[in-house]
Structure formats: structure tokens, C-alpha cells
Number of protein chains: 2
Amino acid sequence: MNLESNMINDEQAVEIFKALSNQIRVNILQMLKEPDNNFSPQAHVIKEKDFDGGVCVSDIRSKVGLSQSTTSQYLSLLLQSGLVEMKRIGQWTYYRRNEETIKQFEKYIGLKI
Amino acid sequence: MNLESNMINDEQAVEIFKALSNQIRVNILQMLKEPDNNFSPQAHVIKEKDFDGGVCVSDIRSKVGLSQSTTSQYLSLLLQSGLVEMKRIGQWTYYRRNEETIKQFEKYIGLKI
DNA sequence: AAATAATATAGAGATATCGCAAATTATCAA
DNA sequence: TTGATAATTTGCGATATCTCTATATTATTT
């Protein structure tokens, strides 16, 4: 598998720009950089290697102060753009950053913008 | 003057993301990377060191295929975000990339996103 | 099977963006 | 000063985004 061939294209880049064109969504992505520091101690932050760093929707919701549905929609928008990944475990849905996409996005900015 | 202190803040970054959340505006920024290759030979591309690489609105308009007013609005949106700079010379308004902002934006992505 | 909890989806009103045509402003040339 | 050219601003209908409440779905617990 060629690890250097994952460069995103213009279309996907625009989807990412849209996802980031909202301060709260940027904040969510930033919070997820350090879940242990940015969420309450009793938050559901996954520790297992399985989906390490994943945070559940309601914990994100209580940080951003939006309604449950808006939080959910913002997260699925971030998911569609590829900036985060998601895993459902039981009744919880965990979201965490997709560092691979973020790295390719950075690369795109440097080369194409 | 401290050249390392120009890092953009979250708010300005969101303005840049908004400016880039449209394929045509991304195209404009990309075209302006190499004006000589991307515009017609008779286009008004500034050569003087004064505002080297600046391209006038009507030449940009004929490349992107939008109306004159939309092109003008898109360019002033890019201007507000800081991604381009502008200079009026006679009856023409020239736009070119603001490489300093773009560099700081790249840096922002790497550090803050 | 029913109640509870977490999340997603649907529906809606307010606001913003998209992109055009028309009107206005600015500059130049005759 | 009149006319032509370049660009900006204004006004508008169409579409998209924002963010909520209400409802549906999925999973757990009793």
C-alpha cells in the first residue's frame, strides 16, 4: 500500500474548509486533541487501544453548550469531511480526530493553496 | 520587528476557512500562483516590482466564467480574509496572493488544527 | 415488555451565502 | 464635458447553513 498517495483532492478540501468554517466545529476538533485535559474527569474517554482518545457525543455536547441535535449534526458533518472518525460502542457513539486526514489536509494546504 | 509574531488567531482562521469553502474561490487563489501560465497572454499581469504578479479583475473574471459582480465580490471576500492583497492603478484593480498570510495560515493549521 | 438513556433524524424559522442584473462610482480619453 | 471602460455596490430570488424542538432509533436495564 502506498502511504504517500493519500493526498486529498480539491473537492474534499472544500468539504474540509466548509466543516472548519464555523468556530464551534473548529473548537470541537481542537478539544479532541487532548481529550483528557479538555473534558471532565468523569467523561467517557476511551482508553483502550481499540479507539483510544474517542469521546462520546454527550460529553462533547456539555462542553460546547449546543443542543444535543446540533452537536450530533456538527459531528456528522466533521465525519463526512473526514476530519474525525466515529465508532459506536453500545449506546454510545465515540468520536476522535482522524490524524491521517488532518495530515493530508496540511499537506494539501502547503502544496495546493 | 518580530517576524515570528504574525500567527493568525482562531477568528481570522475561520474567516479564511469561509473564504476557501467555495471551489471557485479556491481556484482563483490557485490561478494566482502562476499568473503568467494561468491567464491569457494579453492579460494585465503586473511585471513591475511594485505589485508584481497582480492580475486585474476582468482577466480573473474571464477565467472563472462568473459575472463581473460575483467575481468582484469573491475577490473582496478573499481580500477581507487576508488571503490576497489589492492595488488600484488607474481604472484597474489588481489582485495578487498575500503569501505572508498564506504562510501564517499554513502554520496555524499545523499548530492549532 | 416496558422504561430509560444516548444518539440520530425530521421539520422549521431565522440568517447567510450564491450568483445574477442593474445602478453607481471611478478613471481615462477625446 | 461627454463617452467609454473597469470595478464596486445594491437589490433580489434561490439555495444553504444555523440551531432549535420534537420525534424516531438503537441499546441497555428492569
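Convention: sequence-line order gives letters A, B, ...; per-chain numbering from 1.
Between the C1' atom of D/dC18 and the CG atom of A/Leu75 lies a distance of 15 Å, rounded to the nearest Å. B/Phe17 has its CZ atom 14 Å from the P atom of D/dC18, to the nearest Å. In this structure, OH of A/Tyr95 is placed 9 Å from P of C/dT7, rounded to the nearest angstrom. A straight line from CG of B/Leu78 to P of D/dT8 spans 12 Å, rounded to a whole angstrom. We find that OH of A/Tyr94 is positioned 8 Å from P of C/dT7, with the value rounded to whole Å. For the pair A/Ile46 CD1 and C/dA6 P, the interatomic distance rounds to 15 Å; values are reported in whole Å.
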**OP:** Give the C-alpha distance, both sets of side-chain angles, the deciding distance and a yes or no for side-chain hydrogen bond (donor to acceptor under 3.5 Å, both in side chains) between A/Thr70 and A/Ser67.
**Re:** CA-CA 5 Å; A/Thr70 302; A/Ser67 73; 3.0 Å; yes

**OP:** Step by step, work out the side-chain contact (heavy atoms from CB on, under 4.5 Å) result for B/Ile28 and B/Leu32.
**Re:** CA-CA 6 Å; B/Ile28 291 174; B/Leu32 291 175; 4.1 Å; yes

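A salt bridge is absent between A/Arg96 and A/Asp52: the closest approach of a Lys/Arg side-chain nitrogen to an acidic carboxylate oxygen does not fall below 4.0 angstrom. Salt-bridge annotation for B/Lys103 and B/Glu106: absent, with no side-chain N of the basic residue lying under 4.0 Å from a carboxylate O of the acidic one.
Residues B/Val14 and A/Asn22 have side chains not in contact (no heavy-atom distance under 4.5 Å, counting atoms from C-beta outward). Considering only heavy atoms from C-beta on, A/Lys87 comes within 4.5 Å of A/Asp50 through its side chain.
Remark: A/Thr93 is in phosphate contact with C/dA8, judged by side-chain N or O atoms under 4.0 Å from OP1 or OP2. Contact between the side-chain N/O atoms of B/Ser58 and the OP1/OP2 oxygens of D/dA7 is found at a separation under 4.0 Å.
The stretch residues 81-92 of chain A touches DNA chain C through A/Gln91, A/Trp92, each having a heavy atom under 4.0 angstrom from the strand.
Donor-acceptor pairing under 3.5 Å is lacking for the side chains of A/Asn9 and A/Tyr108.
Cluster membership for B/Ile8 and B/Leu83, using ILVMFWY side-chain heavy atoms within less than 4.5 angstrom, is shared.
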Original post:
What one-letter contact string describes nucleotides 11-24 of chain C from 5' to 3', where B marks a base within less than 4.0 Å of any protein heavy atom, S marks contact via sugar-phosphate atoms alone, and - marks no contact?
Top reply: -------SBBBB--

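Taking the centre of each ring, A/Phe17 and A/Phe105 come in below the 6.0 Å mark.
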